[in-house]
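Before any comments, here is the structure.
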Amino acid sequence: MTIAIVTDSTSDLSPELCAQHGIVSVPLYVLFDGRMHKDGIEITPPELFAGLRAGKKTPSTSQPSPAEFAEVYTGALESADQVLSVHISGQLSGTVGSARLAAQDFGGRVTVLDTGSVSMGLGMRVLRAAELARAGKTVPEILAELERVGREADIRFTVDTLDFLRINGRIGGAAALLGGLLNIKPILVIRKGRVETGGRVRGHKKAVQDLVDHTRKYVEAHGGARVAFLSTVGGEDYVQEVRAGLGGLEFTDMGDHGIGAVVATHAGPGTMGVTLEPL
């Protein structure tokens with residue numbers, strides 16, 4: 001039995017990675033400068049932030065329609081027996097709702113999973129699903145493994161400003177950090193599908209150290225881990241500082257990943273973080 005893996009563009013998996021692993025990614029939309037743009041296809045984060053610097057209105061985002069998912073599922077089922085569709089937290093986007101509506105028309109051949117995460121928190125689970133599908137695991141077996149991983153998976157990041165999360169209504173429990181002192185860097189986590197506060201530090205050096213310390217503790221506590229690094233425009237150098245701080249630590253390196261336009265719309269420039277999974 002063959003299983004096709006479908007996700008959405010908030011997984012922040014590059015087209016090359018998707019092609020390599022046979023993953024189909026359905027793009028979300030960014031409403032910017034008067035029209036809708038497909039995430040990663042018609043707009044990139046550098047274009048987005050360049051427009052904002054030029055004075056254009058802050059963008060908003062929108063999920064794919066059920067019809068778009070249905071088209072993807074129809075195509076996937078031409079060569080696969082089943083589809084496993086793995087998506088962003090339903091508390092952050094209506095994407096998983098669209099996927100579930102579409103799945104109803106396929107007689108149980110499409111299974112939709114809300115990961116409760118976003119960016120590489122989602123992306124790493126999608127990659128794991130693809131690996132398991134290639135290894136011949138069934139949909140229930142893959143779901144059980146993703147549930148195990150999800151219980152202990154961790155995403156921890158910092159942003160230059162909470163303004164983007166606030167404007168777009170994705171701030172969750174991190175709202176308590178608004179109006180903080182100058183140069184205070186919020187440490188954010190995804191918890192129960194929402195953006196929540198993980199603490200606060202003063203300055204980017206301490207933010208980097210927080211991510212280094214957290215990653216070291218996680219890897220040591222789990223006897224190893226899969227670690228992915230993520231950033232928006234302006235956060236790439238910070239990621240390299242985190243990497244430097246992890247020298248000598250043994251972990252499965254899942255690479256550096258640029259955050260796509262939809263997630264960048266909410267996170268803003270200068271974001272950087274780590275995503276951690278048990279082996």
Side-chain angles (χ1 to χ4, degrees), residues 5-18 21 23 25-30 39-40 43-46 48-49 59 61 63-64 86-96 113-130 146 149-150 152-160 162 164-165 168 170-172 174 186-196 198 207 211 214-215 218 225-236 238-239 242 253-277:
I5 305 299
V6 173
T7 188
D8 61 75
S9 61
T10 68
S11 66
D12 291 335
L13 297 175
S14 69
E16 294 76 19
L17 261 181
C18 287
H21 293 275
I23 297 161
S25 181
V26 181
L28 276 74
Y29 292 89
V30 179
D39 184 18
I43 190 167
T44 63
L48 180 75
F49 295 136
T61 59
Q63 70 264 22
V86 185
H87 297 290
I88 180 177
S89 168
Q91 296 206 57
L92 297 175
S93 170
T95 297
V96 74
L113 175 66
D114 179 346
T115 63
S117 196
V118 66
S119 189
M120 283 307 294
L122 164 60
M124 287 217 289
R125 255 164 280 177
V126 173
L127 290 172
R128 192 181 290 255
L146 296 186
V149 169
E152 297 187 50
D154 200 359
I155 179 168
R156 192 173 183 89
F157 63 105
T158 186
V159 296
D160 264 358
L162 288 167
F164 288 84
L165 285 163
N168 287 291
R170 300 305 199 279
I171 199 164
I187 304 298
L188 304 172
V189 298
I190 303 296
R191 187 178 295 130
K192 295 182 178 178
R194 301 199 317 159
V195 179
E196 301 283 354
L211 295 184
H214 184 78
T215 301
Y218 185 98
R226 288 155 65 114
V227 183
F229 302 84
L230 53 145
S231 62
T232 60
V233 176
E236 303 92 343
Y238 298 161
V239 164
V242 174
D253 192 336
M254 301 297 289
D256 295 354
H257 300 267
I259 292 172
V262 163
V263 179
T265 292
H266 303 294
T271 296
M272 58 118 175
V274 292
T275 304
L276 309 163
E277 274 189 0

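Just so it is clear, the values below take in all heavy atoms, side chains as well, and ignore hydrogens, waters and symmetry mates.
A 4.5 Å side-chain heavy-atom check between T271 and V233 finds every atom pair outside the cut-off. Between I5 and H21 there is no side-chain heavy-atom pair separated by less than 4.5 Å. Between H257 and L17, the closest side-chain pair of non-hydrogen atoms falls below 4.5 Å. Within the 4.5 Å cutoff, the side chain of T158 has no heavy atoms near those of the Y238 side chain. Between F157 and I259, the closest side-chain pair of non-hydrogen atoms is not below 4.5 Å. Side-chain atoms of L13 and L127, non-hydrogen and from C-beta on, do get closer than 4.5 Å to each other. Under the 4.5 Å side-chain criterion, counting only non-hydrogen atoms from C-beta, V96 is not in contact with I88. Between D39 and Y29, the closest side-chain pair of non-hydrogen atoms is not below 4.5 Å.
Residues L48 and P59 approach most closely at CD1-CG, 3.4 Å, considering heavy atoms. Across all non-hydrogen atoms, the minimal contact from A129 to L146 is CB-CD1, 4.1 Å. Pairing each heavy atom of S231 with each of V239, the nearest pair is CB-CG2, 3.7 Å. Counting all heavy atoms, side chain and backbone alike, P27 lies closest to S9 at CA-OG, 3.6 Å.
For the side chain to side chain contact (heavy atoms under 4.5 Å, CB included) criterion with T10, the lone passing option out of L92, V263, V26 is V263. The side chain to side chain contact (heavy atoms under 4.5 Å, CB included) test with I155 singles out one residue from V274, I190, L188, and that residue is I190.
At distances below 3.5 Å, not a single donor-acceptor pair connects side-chain atoms of Q91 with backbone N or O atoms of S89. Side-chain atoms of R125 come within 3.5 Å of backbone N or O of T115 as a donor-acceptor pair. Looking only at distances, no side-chain donor or acceptor of T95 sits under 3.5 Å from a matching main-chain atom of Q63.
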Report the C-alpha distance between D253 and V227 in whole Å, list the side-chain angles of each, state the deciding distance to 0.1 Å, and finish with yes or no for side chain to side chain contact (heavy atoms under 4.5 Å, CB included). CA-CA 5 Å; D253 192 336; V227 183; 6.0 Å; no
Intermediate values then yes/no, side-chain hydrogen bond (donor to acceptor under 3.5 Å, both in side chains), T7 and H87: CA-CA 6 Å; T7 188; H87 297 290; 4.6 Å; no
Output, in order, the C-alpha distance, side-chain angles, deciding distance and verdict of side-chain hydrogen bond (donor to acceptor under 3.5 Å, both in side chains) for D12 and S119. CA-CA 5 Å; D12 291 335; S119 189; 2.7 Å; yes
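Ion pairing between E277 and R226 holds under the 4.0 Å rule for side-chain N and carboxylate O.
Summarising the geometry, atom CZ belonging to R156 is positioned 9.5 Å from atom CG belonging to L276; distances are rounded to the nearest 0.5 Å. The structure places CG of L28 at 7.0 Å from OG1 of T61, a figure rounded to the nearest 0.5 Å. Note that OG1 of T215 is 6.5 Å distant from CZ of F229, once rounded to the nearest 0.5 Å. Of the inter-residue distances, the one linking L230 atom CG with T275 atom OG1 reads 4.5 Å to the nearest 0.5 angstrom. A distance of 9.0 Å separates OG in S117 from CE in M124, rounded to the nearest 0.5 Å.
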